[in-house]
Every structure is written in C-alpha cells, then in structure tokens.
Amino acid sequence: MNLPIAFEKKMRELLGAEFDDYIKCYEEKRLYGLRVNTKKISVEEFKKICPFEIQPIPWIENGFYYDGEHVQPAKHPYYFAGLFYLQEPSAMTPANRLPIEPGDKVLDVCAAPGGKATELGAKLCGEGVLVANDISNSRAKGLLKNIEVFGIGNVLVLSEEPGKIEEYFTEYFDKILIDAPCSGEGMFRKDKKMVKAWEEHGPEFFAKIQRSIVTQAARMLKPGGMMLYSTCTFDPEENEGTIEYLRQQYPEFEIKEIRPYEGFAKGMPQVTESKEPAFEKTVRIWPHKMHGEGHYLALLQKGEKSEKLVVKEKKKRAKKVPEELLAFFEDITWEMDWSRLEIYSEKVYYMPEDIPNVKGIRFLRTGLYLGDVKKNRFEPSQSLAMCLKKEEYRRTISLSVEDERVIRYLKGETIEVDDLVDHKEKGWQLVLVDGYPLGFGKLANGTLKNKYLPGWRWQS
C-alpha cells in the first residue's frame, strides 16, 4: 500500500522501533465485527441463536468478530429484527467506555450512521434521553433508521450545528460522546480512499473543526458530567492537542482513567505543550497491537457535581388522548404517561421525560413515533413495532427463522398465516421472527396484509 511520505515520516517519529511492525499490519486482512443489541437480547442468548460463527472481541463485552468475506449478516432476518449492529471492532470502544447509566441525559454529537448512538441508547434501557445529532441531513436519515431498528424510543434525532444545539441544551447532559470528524489515519487499511482524503484535508484542517466541537460540547455538559472524545486517527494535533486546547479553555475538565485492556497504548504527554503526565490516561489503539483499526480515546469529567437543586415538579398537562389510540393500547402492557404525548396533524409521538422546548431546531425525530390517528382508526408505526417485546403486545404471529414467510414478509408481500392464528381473528398483529419483532401486519381471514415499512424492505 502506498502511504503518503509525510504520513510515514510522522509515524516513524511516533512509533520509533515499532514502525516496522505497524507497516506490516497493512498486509493483513481487515477485520469485521458485530455488536449485540443488549436492549433486545442478552449476549448469551444471542450466542445460542447466532446463525454463523463468531469469536469474542476481548475488550467489548457484547462485541464479536465474524468472517466478513464469507457471510453476510446484513442479509439475515435477525439483522432486520435489530438484534445486532455491524461495526468495526475498535470503533465499538468509545460507546463501550463511556459509563452510561439508565436515566442519563446523553448526547452523541456526530452520531451518523449510528454505531455509537445505538449502543448508548441500548445502555439507557429506555430511561432518560438520547440526543443523537449529525449535521448532514442525509446521514441523519440513516442514523434515524438504525436507532429505530434498535428499538430506541427515548430519543431526539437532530441535524444541526453543535453551536445551535448549545442554545437549547446548556449544561443539560450527564454524558456526551464526541466521535469527531478526523483525518482518518486509523482507517487507511480498512478503506484505501481515506488516504486520498488525508492528502486533500490533513490533520490541521480537522483540528480546527474538532476544537470548535469540543468547546461547544463542554458548555452542554453538567458539572460532574463525563465526556468521551474519540477519533480514528493517530495524529497528536487532533488527539492530545485537541484535549489540551479544551483544558486550556475550560480548566475544570479532568482527564480520567479509561477502563483498561492489555492492548491499549498510553497517550503521549510528550507531544503536548504542557507535557502533563495526565495525558497518559488517554488511549491509542494501534492495529499492530490489537485486532482492530486505529483509534484514540480520552475520557474527561467536568469539575465537581453541583449541589442538587430542589426543582419543583412540573405540572403535567392533562391531554386529550384520541379514542382510537387508547383502543389500540389496550393490547399493549406499557404503563403510559399520556401527558408526554405530542400530536402533529395525524402523527403521534411519545416524548422522553424532562426535555427542553426544541422549537426552532432541525430535527428528524422527537420521541417515539407511535403512528397515525386516522378517521376512526389508529395505524401503528414501524418504530413502535421495533420498541415492543413479544410479551408486551397481545396479538402476535411468531415465525421461525427457517420459515420462508419471514423473507416474504420482509419483502413486503402478503402472507397466508391461517395455520398460526384463529381463522376468526382479525386486526393488527405484531410479526415476530423467533420471538423478536419485525413489524406489523393486518389480519383478516387467515391472510396478513403487510405493513412492513417500504423503505426498510429486503432487497434481493
């Protein structure tokens, strides 16, 4: 592989005697990984039903390697059920090492396509809120789909400049993840096009963007909150340099230890102006030391927790809930707080708790899109189907993964299910594969009219 001369020179300086080992890694094949969606299935259960061979990623509890040259996990019904996400192994590390707790208010600043946001959302266990943002509207659409497939409903999906988000969310978040735009040096082996991009826009270009993002994010973090900054590059200016800049602007940020793994390399105080030993707590992932591509991580905490203010509980506004919606939810076991309902035209959303007014901000989704209230009926959404569990909806049709009707359903076809249901039964049904939701269908006379979302359908 032809690497830029300036890049090779820099890497020789950074790695010294290890440089030759690093260069040899370019002769190795790229690695493929998948991450289990623990919101829907436990790791142990997934291992029992996984249809292809997997090997554990040793530093990611729910991560596995698979043979990407001979199997296609994205062409399996379990992928459509949101049981796993395909992600490069090292790229799983940032969301894994940010300590998320259920109930946290979490921001993923540069979230598309959703590899990190889906893990953050899964770790929230349906409590608190995930705000997932990407400045690119087209990329944010892919982000939204991945979040909905994963069954994450306590979410706001935005497409905004971080500076605009700050106006609405000053000192709001408990945890923030910044997987920053970068020069991509750690991905050269995985994607050779990154080399040309590096030559066009090098580290200096991205360092300016990163410094703007981290300082804006700093103002959105609560005192005592945690921020994890990551890149897929090796460059000191983009890594330690960006963290040093943040701490010059906001000295209250302290670099914290990252939960260790034997392959992690310490950060490099010697490349900073201050030479502060604390930079050793940051982490580089080198592809010649670990089975993954290149990455950098820094975990920071913003000062001390301020004294908890006694906040008067907001009065919940009584809302008129459409009869059609109430009738549909008689078959759902959730305990609903109807004061969190928002209705725009026909569309019905269930909002996360304790979020600010986001009027004026560009968003693709606010809360869980439940469906549409039509004249005398309610039509549930695909996102609602993906948030449900088998035991939470009373009308289900469960197909085995070997049943050819699963693929036909995913293609949008009408299917005959009279062998699985009472012939007299009719109305909405939640379609499952081996007990995991895929979407809705409408039953009449043993025939299921397909309601699987057209944009998500199986492509032959």
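Classification of Lys164 and Glu167 as a salt-bridged pair fails, no side-chain N sitting under 4.0 Å from a carboxylate O. Using a 4.0 Å cut-off between charged side-chain N and carboxylate O, Glu166 and Arg219 make a salt bridge. A salt bridge does not link Lys116 with Asp108: every distance from a Lys NZ or Arg NE/NH1/NH2 to an Asp or Glu carboxylate oxygen is 4.0 Å or more.
Nearest heavy atom pair, residue Gln301 against residue Gly224, reads NE2-O, 3.0 Å. Scanning all heavy atoms of the two residues, the minimum distance from Gly33 to Tyr66 falls at O-CE2, 3.4 Å. Ala117 and Ile147 make their closest contact through CB-CD1, 4.3 Å (heavy atoms, listed as atom of the first residue, atom of the second, distance). Across every non-hydrogen atom of Glu244 and Glu273, the tightest pair is OE1-N, 3.0 Å. In plain terms, the two heavy atoms of Met386 and Val149 that are nearest each other are CE-O, 3.4 Å. Residues Pro269 and Glu276 approach most closely at CB-O, 3.3 Å, considering heavy atoms.
Remark: side-chain polar atoms of Asn154 are paired, donor with acceptor, to backbone N or O of Glu127 under 3.5 angstrom. With hydrogens and angles ignored, the 3.5 Å screen pairs no side-chain donor or acceptor of Asn62 with any backbone N or O of Val43. Although no hydrogens or angles enter the test, the distance criterion places a donor-acceptor pair under 3.5 Å between the side chain of Ser90 and the main chain of Glu293. A donor-acceptor distance shorter than 3.5 angstrom exists from the side chain of Asn37 to the backbone of Gly82, with no hydrogens or angles considered. A donor-acceptor pair under 3.5 Å is formed between the side chain of Gln459 and the backbone N or O of Arg457. Remark: side-chain polar atoms of Tyr168 are paired, donor with acceptor, to backbone N or O of Lys359 under 3.5 angstrom. One N or O on the side chain of Tyr65 and one on the backbone of His291 form a donor-acceptor pair closer than 3.5 Å. The backbone N or O of Tyr350 sits nowhere less than 3.5 Å from a side-chain atom of Arg340 that would complete a donor-acceptor pair. Looking at Lys123, its side chain does come within 3.5 Å of a backbone N or O of Ala95 through a donor-acceptor pair. No side-chain donor-acceptor contact under 3.5 Å links Asp104 to the backbone of Val106.
Between the CE atom of Met268 and the CZ atom of Arg284 there is a distance of 4.5 Å, given to the nearest 0.5 Å. To the nearest 0.5 Å, atom CG of residue Asn146 and atom OH of residue Tyr85 are 4.5 Å apart. If you take CD on Glu238 and CD on Glu185, they are separated by 6.0 Å, rounding to the nearest 0.5 Å. We find the CD-CD1 distance between Gln216 and Ile178 to be 9.5 Å, quoted to the nearest 0.5 Å. Atom-to-atom distance recorded for Glu88:CD and Leu31:CG is 7.5 Å, nearest 0.5 angstrom. Rounded to the nearest 0.5 angstrom, Met220 CE and Phe169 CZ are separated by 9.0 Å.
Residues Pro352 and Asp354 fail the side-chain proximity criterion, which asks for heavy atoms closer than 4.5 Å. For the pair Pro77/Ile407, a side-chain contact is recorded, criterion being any heavy-atom separation below 4.5 Å from C-beta on. Inter-residue side-chain proximity for His295 and Thr93 is flagged as unmet; no heavy-atom pair is nearer than 4.5 Å. Inter-residue side-chain proximity for Leu438 and Val406 is flagged as met; some heavy-atom pair is nearer than 4.5 Å. With a 4.5 Å cut-off on side-chain heavy atoms, Gln249 and Val214 do not count as touching. In this structure the side chain of Pro437 reaches within 4.5 angstrom of the side chain of Leu432, judged on heavy atoms. When side chains are defined from C-beta on, Val131 counts as touching Phe173, because their heavy atoms get closer than 4.5 Å.
Note on ring orientation: taking the six-membered ring where Trp is involved, the planes of His201 and Phe206 are perpendicular (angle over 60°, cut-offs 30° and 60°). Using bins of under 30°, 30° to 60° and over 60° for the plane-to-plane angle, the ring pair Phe440/Tyr393 lands in the perpendicular bin.
Remark: of the listed residues Asp235, Thr233, Thr282, Thr282 is the sole one forming a side-chain hydrogen bond (donor to acceptor under 3.5 Å, both in side chains) with Tyr296. When the options Lys24, Lys289, Arg12 are evaluated for a salt bridge (charged side-chain N to carboxylate O under 4.0 Å, His left out) with Glu18, the one that passes is Lys289.
The closest side-chain donor-acceptor pair between Ser381 and Ser383 falls under 3.5 angstrom. If you check the side chains of Lys347 and Tyr369, you find a donor sitting under 3.5 Å from an acceptor. A side-chain donor-acceptor contact under 3.5 Å links Thr242 and Gln210. Looking only at atom types and distance, the side chain of Glu402 has a donor-acceptor partner in the side chain of Ser400 under 3.5 Å away. For the 3.5 Å distance criterion, the side chains of Thr231 and Asn239 qualify, holding a donor opposite an acceptor.
The side-chain tip of Arg30 points at the ring of Tyr32 from less than 6.0 angstrom away and within 45° of straight on. With Phe150 as the aromatic partner, Lys39 does not meet the cation-pi criteria of under 6.0 angstrom to the ring centre and within 45 degrees of the ring axis. Annotation: cation-pi geometry not satisfied between Arg189 and Tyr26 (NZ/CZ under 6.0 angstrom from ring centroid, within 45° of ring axis).
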Derivation and outcome, side-chain hydrogen bond (donor to acceptor under 3.5 Å, both in side chains), residues Glu61 and Asn96: CA-CA 8 Å; Glu61 301 84 356; Asn96 180 273; 2.7 Å; yes
Does the salt bridge (charged side-chain N to carboxylate O under 4.0 Å, His left out) test come out yes or no for Glu44 and Lys47, once each step is laid out? CA-CA 5 Å; Glu44 289 308 311; Lys47 283 158 67 176; 3.4 Å; yes
Assess the residue pair Glu119 and Arg35 against the criterion (salt bridge (charged side-chain N to carboxylate O under 4.0 Å, His left out)); give the C-alpha distance rounded to whole Å, side-chain angles, the decisive distance to 0.1 Å, and a yes or no. CA-CA 8 Å; Glu119 175 67 359; Arg35 195 190 70 250; 3.0 Å; yes
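The ring of Trp458 has its center closer than 6.0 angstrom to the ring center of Phe80. Here the two rings, on Tyr78 and Phe84, have centers that are 6.0 Å apart or farther. Residues Trp286 and Phe234 bring their aromatic ring centres within 6.0 Å.
Counted within 6.0 Å of NZ on Lys275, heavy atoms from surrounding residues, nucleotides or ligands total more than 12; the atom is thus considered enclosed. Annotation: Glu413, atom CD; neighbour count of heavy atoms from other residues, nucleotides and ligands within 6.0 Å is above 12.
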